[in-house]
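Read the structure below first, then the notes.
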There are 2 protein chains.
Amino acid sequence: MKTGAAGIACGAVATDPQRDSARNVQVVQALGARIVGGSLAPGTSIPIEEELVAELGVGRSAVREGVKVLAGKGLLETRRSAGTIVRPRESWNLLDADVLSWRFEPDPTPDDIRVLADLRVALEPGAARVAAERADAAAVRRIDEALAALFATADDPEPFIEADLAFHKAVFAAASNDLLLYIYDMISIALRSVRQVHTRSVAHNKETLPGHERVAQAIRRRHHRKAEEAMRTVVEVARADAEQHVRLCC
Amino acid sequence: MKTGAAGIACGAVATDPQRDSARNVQVVQALGARIVGGSLAPGTSIPIEEELVAELGVGRSAVREGVKVLAGKGLLETRRSAGTIVRPRESWNLLDADVLSWRFEPDPTPDDIRVLADLRVALEPGAARVAAERADAAAVRRIDEALAALFATADDPEPFIEADLAFHKAVFAAASNDLLLYIYDMISIALRSVRQVHTRSVAHNKETLPGHERVAQAIRRRHHRKAEEAMRTVVEVARADAEQHVRLCC
DNA sequence: GTTAGTTTTTCATCAGATGAAGTGATCGCC
DNA sequence: GGCGATCACTTCATCTGATGAAAAACTAAC
């Protein structure tokens, strides 16, 4: 059940035959999932190196490398003679691709879903506004292409989700802001993990099309106020859907 | 292609070597700064382990641990027999605290400053809106306290900057969204690095006080529309200031 | 009960050996 | 001469052993 892909994710290249066998990645995955999953609580010590070697069936080098990677993500802190302790949650790199996966992949809590939906409401309208301010012709074209793909896939749930993510990404890309785009990439990782929440009826998919079209049109016309408003409508509908879904099934 | 000389030069960088005696951290800092700084370009190979051992004066374990940490941050990728290469910028964990420091601390480019100012414009109004929706009494109190500190320090540039950062952080904290708060923590790292841009005259500091007060008041009254508008005014003023500063001094 | 000194634990670091997986060059064949 | 297969080489991957250092835990003296 281990998806080695999360290890050093986001790569454009799909040819990575050795990643599964990388011992240090194995350690990172095992410990990272336990920490973020909650079975290794902040403030407590993880097993000592020797025990991890025995438990995970790898050498000390692999354990040390893995622990150092997790320390780099803010999850662990090593202290001489005092063991390695799990750092408080406030220290974690919450927008690290791996940390996000460990959080959202197993079974996101209702609160995780709320956090994600709120984040979109907080972020996407503003991003659409800046996109309208900064978009060049090529960026507008890419948004229009993504919009066309959205219309074309409205009948297929799975492709529609991908097209939806691609549309929102195109909007973020139009803002010419690599930090903003990075944030959306992380959001999309989380969204993909909770996509069952967003898998709605085909009719529902089609209902979101006009909203997306208004966003694209506003950006095309560099109308930042309208772009923001249109995007707010889209993400607030998504948030309402998510809340309803949580209420119904949890 | 010889990087030895550059390595020595980089070693002269002021990073107190006493306090931070951890060898792997030394490796992470040295290589990370070079990569983000641009002297090790994406697609190129870094020196082989043996050379790094000689150049950095540490053992192989330290080099390997450091390289693995940077791989975990998306900066490097190791391939058997093919060396370790710098990954494309799109793969970097741009919102990692270290990566941000390496980017903004030496001398942020005008474009970096634009990216940061745009990010605030895109993000903070929406965050203030969600804060107005979600803030509880304690969060409102903390915002008011931060506002009071802002008024109290308006005459001292350095404390005022800290109070300013604390105020904006209190707003983000009120949104009860750890991802959003994490994003602001990273923004504040970058803001602290470019604070000379934000160090204005005392009179200018005082001009920003009414705007901040409007934000606090709107959140206190749970008026999310007004909170958003007030925050937009604040960050757009900051953006205009930054643009002007860049024009004047660069 | 406190304190000073000692022991133990645990990570930190280096070094060596072996292995694996690509890279590239050599060499034979046609 | 062109082409392909073999083979040596490069470089990271991994394990292991040894030594050191720092902090915690323990002990004994007062």
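Since this is a predicted model, take the numbers as computed values, not measurements. Just so it is clear, the values below take in all heavy atoms, side chains as well, and ignore hydrogens, waters and symmetry mates. Lettering of chains follows the sequences in order, A, B, ..., and the numbering in each one begins at 1.
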Interatomic distance where [atom1] belongs to [X] and [atom2] belongs to [N] [whole Å]:
| X | N | atom1 | atom2 | result |
| --- | --- | --- | --- | --- |
| B:Arg23 | C:dA15 | CZ | C1' | 14 Å |
| B:Asn24 | C:dC11 | CG | C1' | 11 Å |
| B:Glu77 | C:dG22 | CD | P | 12 Å |
| B:Glu50 | C:dG16 | CD | P | 12 Å |
| B:Leu52 | D:dC12 | CG | P | 8 Å |

Passes salt bridge (Lys or Arg N to Asp or Glu O under 4.0 Å), B:Arg103 versus B:Asp98? Steps please. CA-CA 9 Å; B:Arg103 173 175 180 175; B:Asp98 290 329; over 6 Å; no
Test item: B:Ile35 and B:Leu76 side chains (from C-beta on) under 4.5 Å apart, heavy atoms: yes
Set out, line by line, the N/O atom pairs under 3.5 Å between protein and nucleotides 3-7 of chain C.
none

Going through the checks in order, is the salt bridge (Lys or Arg N to Asp or Glu O under 4.0 Å) test met by A:Asp144 and A:Arg141? CA-CA 5 Å; A:Asp144 284 337; A:Arg141 197 175 58 247; over 6 Å; no
Output yes when at least one side-chain N/O atom of A:Lys68 is less than 4.0 Å from OP1 or OP2 of C:dA12, else no. yes
Main-chain N/O of [Y] paired to [X] side chain as donor or acceptor, under 3.5 Å:
| X | Y | answer |
| --- | --- | --- |
| A:Ser45 | A:Ile85 | no |
| A:Trp92 | A:Arg87 | yes |
| A:Ser193 | A:Ile189 | yes |

Look at the side chain of A:Arg64 and decide which nucleotide, out of D:dA13, C:dC11, D:dT16, has an atom nearest to it. C:dC11
Please check if any side-chain donor atom of A:Asp96 sits under 3.5 Å from a side-chain acceptor atom of B:Asn93, or the reverse. yes
Hey, are A:Asp112 and A:Thr109 close enough side-chain-wise for a donor-acceptor pair under 3.5 Å? yes
Name the residue closer to the 5' end of DNA chain D, choosing between A:Gly59 and B:Ile46 according to the nucleotide with the nearest heavy atom. B:Ile46
Salt bridge (Lys or Arg N to Asp or Glu O under 4.0 Å) between A:Glu55 and A:Arg34, worked out: CA-CA 14 Å; A:Glu55 184 184 331; A:Arg34 275 188 232 175; 2.8 Å; yes
A:Ser61 near the nucleic acid: base, sugar-phosphate alone, or nothing, with a heavy-atom cut-off under 4.0 Å? base
Please evaluate the base of D:dG17 for a donor-acceptor partner in the side chain of A:Arg60 within a cut-off of under 3.5 Å? yes
Tabulated below should be each protein N or O lying under 3.5 Å from an N or O of nucleotides 6-11 of chain D; please produce it.
| from | atom 1 | to | atom 2 | distance (Å) |
| --- | --- | --- | --- | --- |
| D:dT11 | O2 | B:Ser81 | N | 3.3 |

